[in-house]
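This report refers to the structure that appears directly beneath it.
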2 protein chains.
Amino acid sequence: MKSPQEVFADYLAGKNLKTTPQRRLILDTLLKQGGHLSSEELYAKVKKRDSSIGQATVYRTLKLLNESGLIEPLDFADGVTRYEPSYGEEHHDHLICERCGNNIEILDKTIENRQEELAKEHGFTLVRHKMYLYGVCPECRKKKG
Amino acid sequence: MKSPQEVFADYLAGKNLKTTPQRRLILDTLLKQGGHLSSEELYAKVKKRDSSIGQATVYRTLKLLNESGLIEPLDFADGVTRYEPSYGEEHHDHLICERCGNNIEILDKTIENRQEELAKEHGFTLVRHKMYLYGVCPECRKKKG
DNA sequence: GTCGATGCAAATGTTTTGCAGAGAG
DNA sequence: CTCTCTGCAAAACATTTGCATCGAC
């Protein structure tokens, strides 16, 4: 299996785009960090390693990484788009606590299968899906309510 | 069952807020229109009936309507938040065509039940969920690819 | 060298907020 | 009468874009 770095380089090369130090640094930081970073948060982290980097480059690179299939945008309904590394990772959805923002990755074959069937029943070819479960986690429930 | 207008009036009264002509007009327009309106689109429709109304009032009222449980925000991943009337309506999810933007409302008990179970398995109390299936509709598939 | 990439600042698009006057309870 | 509401314009956000310069290939 190719490394994410290779995948990115190949994607760029295939579109006559260039592999620059900034792009490498951004991918590298994102992979090391993992998790669910917003562009802003990623920018801050990247800036620590190269203070001359610009915000726009981070946004532009995130777009490329998404197109190359290396990362996935997430929407936790708080106004910012977050990203998570998705290359080589099994797909999963998110269970989010509405009180503390904590979130757990979930995966359920029953649901995945039904989604595929449902799309088919309507004649659709399913490309991707997003599922977010919002609730209250055990810790927050104990605290109040 | 209470009418949406009553629900809204009760919600406002309960918070010592006021039932104004603007708020009534916005709710009324939204209900008559149904569907998946963005704030911008709703503002345009409302303005036809009362040209003196302001954008901000529409945003503020949408927030109140959401809190009162009358409408539901939707995210079709196109940068704008849309709203749909949800009071007295059975919950449903959305199957969206990535090419033409057309979308179909779907509901599946198997999935709904599994979601509830999944949350429970992690100790969460499920409050709500969002599921979007993105694909290509039959018409668009015929046209190309 | 050439053409894409970068950093900066300005622009964009959506949503929020401050404020002074208007109006519901 | 008292607070909340409204419209307006300005502000606040996240994100995108134009441009001159820089640098990967």
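Order of the sequence lines fixes the chain letters, A, B, ..., with proteins taken first and strands second; residue numbering starts at 1 for each chain.
Within the 4.0 Å cut-off from OP1 or OP2 of dA24(C), not a single side-chain nitrogen or oxygen of Thr20(B) is found. Under 4.0 angstrom from either OP1 or OP2 of dT16(D) there lies at least one side-chain N or O belonging to Lys63(A). For the OP1/OP2 pair of dT15(D) and a distance below 4.0 Å, the side-chain nitrogens and oxygens of Thr81(A) include at least one atom meeting the criterion. The side chain of Tyr59(B) contributes no N or O atom lying less than 4.0 Å from OP1 or OP2 of dT16(C). Dashed line: the shortest gap from a side-chain N or O of Gln22(B) to OP1 or OP2 of dG7(D) is under 4.0 Å.
We find that CD of Glu40(B) is positioned 8 Å from P of dT15(C), with the value rounded to whole Å.
A salt bridge is defined here as a Lys NZ or Arg NE, NH1 or NH2 lying under 4.0 Å from an Asp or Glu carboxylate O, and Glu121(A) with Arg114(A) meets this definition.
Each of Ser38(A) and Lys47(B) was matched to the nucleotide of DNA chain D holding its nearest heavy atom; the match closer to the 5' end belongs to Lys47(B).
Of the candidates dA24(C), dT6(D), dC8(C), the closest approach to any side-chain atom of Thr57(B) belongs to dT6(D). The side chain of Ile53(B) lies closest to dG7(D), out of dG7(D), dT15(C), dT6(D).
For Arg60(B) against dG7(D), a side-chain-to-base donor-acceptor contact under 3.5 Å is present.
Annotation for Lys45(B): atom NZ does not count as buried by contact number, only 12 or fewer foreign heavy atoms lying within 6.0 Å.
Remark: the Tyr43(A) side chain and the Lys47(A) side chain contain an N/O donor-acceptor pair separated by less than 3.5 Å.
For the pair Cys100(B) and Cys137(B), the tightest heavy-atom approach, listed with the atom from each and the gap, is SG-SG, 3.8 Å.
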